[in-house]
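Here the structure comes first, spelled out in structure tokens, and everything after it is commentary.
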Amino acid sequence: EYMGGTAACHAMLEAVFASLPERQEELWTAMAPEDFFIAGLHQASQERHLLIAPVFAYECSTAQVRSILNRLGQQPEGSAAFLRELNRLRRYDINELHRLLVFIQTWMEGAEAGMVRQVQFQWKRNITGNRPSITIDPESGFSGDLENHIVTLIRYGKCKELRQYFNETLFSRHSEGASGLINVRQMRRYMIGANMYMSRVAAAEGVDLHLISEYVDVFGERIENTSALSDFNHLFLEFSLRYTQMVADLTSLSSKSLLANQVNRYVQSHLYESIRLEDIARELKYSKTYVSAEFKKTTGSTVTDFILRSKVREACYLLEQQMMPVFEISEALGFYDASYFIHVFKKFTDCTPGRFADRYQGLRALHVIENKDGI
């Protein structure tokens with residue numbers, strides 16, 4: 001993929017080309033130290049090479065861009081433009097990238113493609129520091145601020161926030177600060193514990209136990225087969241995100257009604273605004289009466305109750321994160337005054353926002369996970 005525009009883009013492609021090994025597999029993928037994919041296709045019969053780079057599995061962060069610029073020996077002043085260039089590229093996960101390579105090879109050769117192999121990639125240019133790693137102590141078990149934050153994101157199905165947390169916080173930490181990362185065996189033991197613990201968090205939120213067991217086994221096998229410390233970074237993100245998505249799927253509105261699902265999408269994307277039935281009806285181009293009746297018939301809930309329940313769930317997340325005081329949460333979520341917000345919050349949780357926050361902090365100190373009243 002060609003990225004035109006900035007000098008950093010050209011320099012990056014040149015650096016990737018210069019760092020490729022002389023002997024290449026027919027189809028291959030690799031992971032750069034800055035956590036983006038590189039993929040290649042080698043047609044030996046025609047001595048032709050195809051390189052796809054860079055490929056990001058999720059939105060590129062400022063920390064990644066600065067690391068790449070540092071790698072290229074360029075100043076960070078142009079990082080904003082470089083970041084925009086990179087985030088214009090389509091994102092793929094590793095499975096999608098494999099399918100793309102197989103498709104291209106099959107199309108070009110007119111025959112079934114071979115296996116995609118994972119290879120090691122090392123820059124030939126120096127960079128200050130080492131590959132970003134997750135700063136954890138494998139001997140300490142799954143506990144502490146890092147894990148508590150991830151657990152909260154799982155419990156509320158916050159997939160976007162989880163990706164951002166890994167991308168901007170965990171993947172930006174350098175391995176020289178990770179004194180607990182002694183060897184692969186210790187890291188593997190930590191990952192097995194983290195996989196089991198996160199699966200229990202998802203189960204506590206009501207995710208099907210049979211489905212969870214299948215993923216525990218799948219990720220457990222992958223953990224056992226991982227042999228490089230740096231590879232645990234993305235595996236950790238992958239199973240954290242899988243359990244988070246399972247909770248998100250469970251808590252999202254599931255209805256065969258197209259209109260009900262459209263209402264849900266509107267509400268979830270406007271949580272931080274004052275949402276009125278009139279606004280939803282206007283957006284969907286239906287009458288208020290029809291939207292209200294159809295939603296009630298297919299979900300058993302009124303539109304108003306669904307809006308308020310969704311806002312209260314978001315408020316619970318904000319309270320657990322200690323992001324802002326109650327009156328600011330009330331204002332941010334579009335309530336006309338704090339007293340009404342407290343009344344609504346108590347209606348759905350049987351306690352005030354203040355009591356909820358105090359109770360959660362107490363539970364957090366004891367490392368207890370609790371399903372909050374079905375919200």
Side-chain angles (χ1 to χ4, degrees), residues 135-137 140-166 168-170 193-194 196-207 240-241 243-248 250-253 267-268 270-275 301 304-375:
T135 307
I136 57 176
D137 181 357
S140 66
F142 195 80
S143 61
D145 291 340
L146 181 154
E147 292 84 355
N148 282 331
H149 184 69
I150 294 173
V151 164
T152 300
L153 295 174
I154 294 173
R155 291 180 55 232
Y156 286 93
K158 296 287 185 178
C159 297
K160 178 181 177 181
E161 289 80 358
L162 183 69
R163 287 192 189 93
Q164 183 177 9
Y165 184 61
F166 270 79
E168 295 185 353
T169 305
L170 297 181
M196 290 296 299
Y197 189 79
M198 290 181 184
S199 71
R200 291 169 185 164
V201 172
E205 296 303 313
V207 177
S240 301
L241 189 58
Y243 296 127
T244 306
Q245 186 63 60
M246 292 166 79
V247 174
L250 181 71
T251 56
S252 64
L253 182 65
V267 170
Q268 302 310 321
H270 294 79
L271 280 178
Y272 288 83
E273 302 171 21
S274 179
I275 306 174
S301 170
T304 299
D305 269 4
F306 178 71
I307 293 169
L308 294 177
R309 182 180 293 274
S310 299
K311 285 179 176 286
V312 168
R313 180 176 177 80
E314 186 70 7
C316 289
Y317 167 71
L318 295 174
L319 287 167
E320 291 195 15
Q321 294 297 95
Q322 296 181 295
M323 289 184 173
M324 57 186 78
V326 171
F327 74 92
E328 288 186 13
I329 292 175
S330 169
E331 183 177 332
L333 290 174
F335 288 90
Y336 58 80
D337 64 42
S339 60
Y340 177 61
F341 167 66
I342 293 171
H343 169 75
V344 171
F345 191 95
K346 190 172 182 180
K347 173 184 175 181
F348 289 104
T349 65
D350 293 326
C351 70
T352 64
R355 282 192 60 195
F356 177 90
D358 291 341
R359 182 176 66 179
Y360 174 72
Q361 291 308 313
L363 291 176
R364 182 172 179 174
L366 295 172
H367 303 291
V368 173
I369 300 299
E370 180 187 47
N371 188 4
K372 295 285 188 302
D373 304 314
I375 293 183

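When all heavy atoms of Gly354 and Val326 are compared, the pair lying nearest together is N-CG2, 4.4 Å. Closest heavy-atom contact between Arg313 and Tyr156: NH2-CA, 3.3 Å. Smallest separation of non-hydrogen atoms from Ala248 and Gly157: CB-O, 3.5 Å. Minimum heavy-atom separation, Asp337 to Ser330: O-OG, 3.5 Å. In plain terms, the two heavy atoms of Thr244 and Lys158 that are nearest each other are CG2-N, 3.4 Å. Looking at every heavy atom in both residues, Met198 comes nearest to Ile150 through CE-CG2, 3.6 Å.
Taking CZ of Arg355 as the start and NZ of Lys346 as the end, the distance is 8.0 Å to the nearest 0.5 Å. Once rounded to the nearest 0.5 Å, the distance linking OG of Ser199 with CD1 of Ile154 reads 9.5 Å. Note that CZ of Phe327 is 11.5 Å distant from CD1 of Ile342, once rounded to the nearest 0.5 Å. In this structure, Thr304 OG1 and Ile275 CD1 are separated by 10.5 Å, a value rounded to the nearest 0.5 Å. To the nearest 0.5 angstrom, Phe341 atom CZ is 11.0 Å from Leu308 atom CG. Between the CG atom in Leu319 and the CZ atom in Phe345 there is a gap of 5.0 Å [rounded to 0.5 Å].
A heavy-atom distance below 4.5 Å is not found between the side chains of Pro353 and Ile329.
The environment of CD in Glu331 is sparse: at most 12 heavy-atom neighbours from other residues, nucleotides or ligands sit within 6.0 Å.
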Q: List the steps, then state whether side-chain contact (heavy atoms from CB on, under 4.5 Å) holds for Phe335 with Lys311.
A: CA-CA 9 Å; Phe335 288 90; Lys311 285 179 176 286; 4.0 Å; yes
Q: Using the side-chain contact (heavy atoms from CB on, under 4.5 Å) rule, take Arg155 and Val201 through it: C-alpha gap first, then chi angles, then the decisive distance, then the call.
A: CA-CA 7 Å; Arg155 291 180 55 232; Val201 172; 3.4 Å; yes
